[in-house]
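Naming convention: chains lettered A, B, ... in sequence-line order (proteins, then strands); numbering from 1 in each chain.
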Number of protein chains: 2
Amino acid sequence: MIFTTKAEYGVRLLVELGRQHDGAGAPTPVSLKAIAEAEALPLAYLERIVALLKKAGLVESTRGAHGGYRLTRQPAEIHMDEVVLALEGGVAPMTCFVAEDGSSSHGRVVCNHEADAGHGCATKLLWTRVQGGVVKALAQTTLAELVAFSNRPPQTQTATAVRNAAAVA
Amino acid sequence: MIFTTKAEYGVRLLVELGRQHDGAGAPTPVSLKAIAEAEALPLAYLERIVALLKKAGLVESTRGAHGGYRLTRQPAEIHMDEVVLALEGGVAPMTCFVAEDGSSSHGRVVCNHEADAGHGCATKLLWTRVQGGVVKALAQTTLAELVAFSNRPPQTQTATAVRNAAAVA
DNA sequence: CTCTAATCCTACCGCGTAGGTCGGAGAACC
DNA sequence: GGTTCTCCGACCTACGCGGTAGGATTAGAG
């Protein structure tokens with residue numbers, strides 16, 4: 001598989017925040033406990049995940065009673081490549097892939113067993129293309145889309161997902 | 001990361017076979033030992049990997065002395081989606097993704113915690129798009145391309161890889 | 001006819017990491 | 001001051017990846 005549950009839970013957490021997000025600048029924050037119950041996720045684990053999102057500046061928090069988290073931007077302005085990068089710490093199709101700087105979305109990608117033979121590793125071309133496809137698919141999806149998708153009646157969700165995926169491909 | 005070393009080693013193995021592959025129908029087979037030495041990979045591990053490729057019909061073998069493996073098709077006719085599918089047993093971006101039939105390239109994809117809540121999982125749309133991007137990138141790459149890439153002088157490889165990746169994206 | 005080089009097959013193992021828990025310390029609101 | 005939150009770091013466990021061991025089988029070479 002590609003992504004761990006960090007990405008899964010983190011995205012679902014953001015969707016839950018995006019659902020409560022109205023146009024106002026600073027709405028009432030949502031507590032992790034409420035999100036954990038709504039999505040049936042372990043609270044203690046969510047704490048560590050949301051810390052990653054906060055460090056990336058995607059959410060902000062207010063402590064204390066009636067505190068919680070809220071988005072720092074409009075859901076339509078949050079693209080999933082940034083989200084997954086914050087949660088997973090990079091999007092690399094193979095262990096030998098390391099980005100030169102932190103962000104793997106635009107940075108140069110380097111295979112670290114480059115000099116083992118005269119003719120480099122032939123798979124580098126392949127993994128580079130795969131990574132490009134993943135990042136592109138992530139960047140084209142916004143949080144607002146996922147929020148809208150999650151509010152749709154279930155029987156139409158499958159067809160919509162397939163249609164959107166076909167549009168991407 | 002996305003893929004394990006099974007995919008990495010398997011692709012490199014195929015590249016090595018493709019390099020020896022001339023136009024003739026049944027050329028002299030290449031032994032695993034030769035490939036293991038050329039690519040500096042553990043022989044015993046390669047045995048298990050090549051078994052997957054054989055089961056998928058991508059290579060055929062002759063046993064006994066001076067035996068080995070050879071491709072069943074021209075390198076230009078071997079697309080990487082089929083290869084990775086054979087090696088990794090499916091291309092799923094998340095554990096909850098399972099294909100209805102064996103092949104994940106065209107089969108319908110289903111999230112197995114579909115019915116846990118009223119509003120399905122919002123991440124399904126995202127993972128479907130990601131998987132589409134990966135499969136597309138794999139399907140667009142043939143073994144012949146990788147063979148040609150691996151024979152190129154090293155100093156031009158990086159620039160070429162980036163250019164090709166940009167063309168895909 | 002045997003020796004040898006190769007494919008085949010199955011069981012085994014160590015180790016890193018994903019996934020999750022626990023307990024507690026600060027911060028705000030009543 | 002108690003309650004409700006965020007925050008933080010240590011800790012634990014199951015599992016799968018990556019690799020090894022050892023053998024059985026097949027077929028060409030001499």
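- Nearest nucleotide to the B/H66 side chain, out of C/dA28, D/dG28, C/dC8: D/dG28.
- Look at CG on A/L46: it is 15 Å from P on C/dC22, rounded to the nearest Å.
- The closest donor-acceptor contact from the side chain of B/E16 to the backbone of B/A38 lies at 3.5 Å or more, if one exists at all.
- Taking atom CG on A/L43 and atom P on C/dC22, their separation rounds to 12 Å, with Å as the unit.
- With B/L71 as the fixed residue, the side-chain contact (heavy atoms from CB on, under 4.5 Å) test singles out one of B/L53, B/L14, B/L58: B/L14.
- Within the 3.5 Å criterion, the main-chain N or O of A/G57 finds a donor-acceptor partner in the side chain of A/T72.
- Checked by distance alone, B/R48 brings no side-chain donor or acceptor within 3.5 Å of a matching partner on the base of C/dT10.
- Within the 4.0 Å cut-off from OP1 or OP2 of C/dA6, not a single side-chain nitrogen or oxygen of B/S61 is found.
- Distances from the side chain of A/Y45 to the nucleotides D/dT6, C/dC8, C/dG20 place C/dG20 closest.
- A sub-4.0 Å separation between OP1 or OP2 of C/dT7 and a side-chain N or O of B/K33 is absent.
- Judged by distance alone, with hydrogens and angles left aside, the side-chain atoms of B/E145 form a donor-acceptor pair with the main-chain N or O of B/T142 at under 3.5 Å.
- Computed from coordinates, the B/L32 CG to C/dC8 P distance equals 9 Å when rounded to whole Å.
- Checking A/A51 against A/G64, the closest nucleotide of DNA chain D that is more toward the 5' end is the one next to A/G64.
- Proximity of a side-chain donor or acceptor of B/E88 to a complementary backbone N or O of B/T4 within less than 3.5 Å is detected.
- Look at A/S31 and you won't find any side-chain N or O under 4.0 angstrom from OP1 or OP2 of D/dT4.
- The distance between atom CD of A/E60 and atom C1' of D/dC7, rounded to the nearest whole Å, is 16 Å.
- Listed pair A/T4 / C/dT17 fails the phosphate criterion, with no side-chain N or O lying under 4.0 Å from OP1 or OP2.
- Distance CD (B/E47) to P (D/dA21): 13 Å, rounded to an integer number of Å.
- In this structure, A/K55 places its NZ atom 18 Å from P of D/dT6, rounding to the nearest Å.
- Nearest nucleotide to the side chain of A/A44, out of C/dG20, D/dT20, C/dC22: C/dC22.
- Residue order along DNA chain C, read from the 5' end via each residue's closest nucleotide, puts A/K6 first among A/K6 and A/A65.
- Look at CG on A/L41: it is 12 Å from C1' on C/dG20, rounded to the nearest Å.
- For B/Y69 and C/dC8, the shortest distance from a side-chain N or O to OP1 or OP2 is below 4.0 Å.
- The distance between atom NZ of B/K54 and atom P of D/dT26, rounded to the nearest whole Å, is 12 Å.
- Listed nucleotides C/dT7, D/dC8, D/dG18 differ in distance to B/R63; the shortest reach to its side chain belongs to C/dT7.
- In this structure, A/Y9 reaches the C/dG20 phosphate: one of its side-chain N or O atoms is under 4.0 Å from OP1 or OP2.
- A salt bridge does not link A/K33 with A/E47: every distance from a Lys NZ or Arg NE/NH1/NH2 to an Asp or Glu carboxylate oxygen is 4.0 Å or more.
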